[in-house]
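Heads up: the structure comes next, in structure tokens.
These numbers were taken from a predicted model, which means no experiment stands behind them.
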Amino acid sequence: MIKGIGTDIIEISRIAKSLEKQSFLNKIFTETEQRLYHGINPQTLAGNFAAKEAVAKAFGTGFCGCSPLEIEILRDSKGKPYVNLYGNAKDILNSIGKAVHISISHSKENAVAFAVIDD
């Protein structure tokens, strides 16, 4: 059964500009993400940020219930995105469901992500 759905859209130009500030990266992306994303294009980075927001929205709390650093977006060996959760984000998922599934896409101007929580 679906327990939560979230979506988000991000302007890629906004992320490209934010990349100039290390403080942005430190607030949004974990050390693992920053290491893996080093040199990655702004479209992919914007998609991963949109995925974090979509997950928080699927929780029903947005980033009021958890930090972006508690939601980690990684890729498996085939490039499929998946989510690791920590702290409050993990607690929220455990209270409402068992799994988070995400889908990420982008065009030249925007990145969009969807998150679904199920049990």
Side-chain angles (χ1 to χ4, degrees):
M1 177 187 289
I2 293 175
K3 299 292 188 168
I5 299 173
T7 187
D8 195 64
I9 187 167
I10 300 279
E11 290 179 66
I12 293 168
S13 61
R14 193 176 118 212
I15 295 300
K17 185 172 182 154
S18 296
L19 288 176
E20 299 168 6
K21 302 173 188 163
Q22 186 64 38
S23 61
F24 168 77
L25 293 172
N26 293 341
K27 277 195 273 187
I28 303 301
F29 298 106
T30 66
E31 289 180 20
T32 299
E33 289 171 313
Q34 288 185 52
R35 188 175 62 255
L36 293 173
Y37 298 168
H38 183 73
I40 202 166
N41 65 54
Q43 292 89 349
T44 301
L45 200 61
N48 290 354
F49 181 38
K52 288 176 175 261
E53 294 225 28
V55 170
K57 289 176 181 178
F59 288 159
T61 65
F63 287 134
C64 291
C66 62
S67 161
L69 296 174
E70 296 174 329
I71 302 170
E72 192 172 62
I73 308 298
L74 301 175
R75 309 250 173 188
D76 68 14
S77 61
K78 295 181 181 180
K80 179 182 174 186
Y82 66 93
V83 180
N84 284 335
L85 300 174
Y86 307 98
N88 288 340
K90 188 172 185 176
D91 293 341
I92 292 168
L93 176 65
N94 289 337
S95 72
I96 62 173
K98 292 186 180 171
V100 179
H101 309 279
I102 57 173
S103 177
I104 304 170
S105 184
H106 60 78
S107 68
K108 192 174 182 179
E109 294 84 23
N110 298 297
V112 65
F114 297 89
V116 175
I117 297 173
D118 66 16
D119 61 0

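Q22 meets the side-chain hydrogen bond (donor to acceptor under 3.5 Å, both in side chains) test with N26, Q34; sequence neighbours excluded.
L69 belongs to no hydrophobic cluster with other residues, because no ILVMFWY side-chain heavy atom falls under 4.5 Å from its own, directly or through intermediates. Hydrophobic cluster membership for I5: I2, V116 (Ile, Leu, Val, Met, Phe, Trp, Tyr linked by side-chain heavy atoms under 4.5 Å, directly or transitively).
In this structure a side-chain-to-backbone donor-acceptor pair under 3.5 Å is present from E70 to N88.
Taking both residues in full, the closest heavy atoms of P42 and I15 are given as O-CG2, 4.2 Å, listed atom of the first, atom of the second, then distance. Between R75 and Y82, the closest heavy-atom pair is C-CE2, 3.4 Å.
The aromatic rings of F63 and F49 lie parallel to each other, with less than 30° between the two planes, well short of the 60° mark.
The shortest distance between side-chain heavy atoms of P81 and N48 does not fall below 4.5 Å.
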Contacts table for residues 102-115: side-chain donor-acceptor under 3.5 angstrom, sequence neighbours left out:
from : atom 1 : to   : atom 2 : distance (Å)
S107 : OG     : E109 : N      : 3.3
S107 : OG     : N110 : N      : 3.2
S107 : OG     : N110 : O      : 3.4

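Legend: salt bridge (charged side-chain N to carboxylate O under 4.0 Å, His left out) pairs involving residues 84-100, not counting sequence neighbours: none detected. Note on residues 19-36: pairs passing salt bridge (charged side-chain N to carboxylate O under 4.0 Å, His left out), not counting sequence neighbours, are E33-K52.
Cluster membership for L19 and I10, using ILVMFWY side-chain heavy atoms within less than 4.5 angstrom, is shared.
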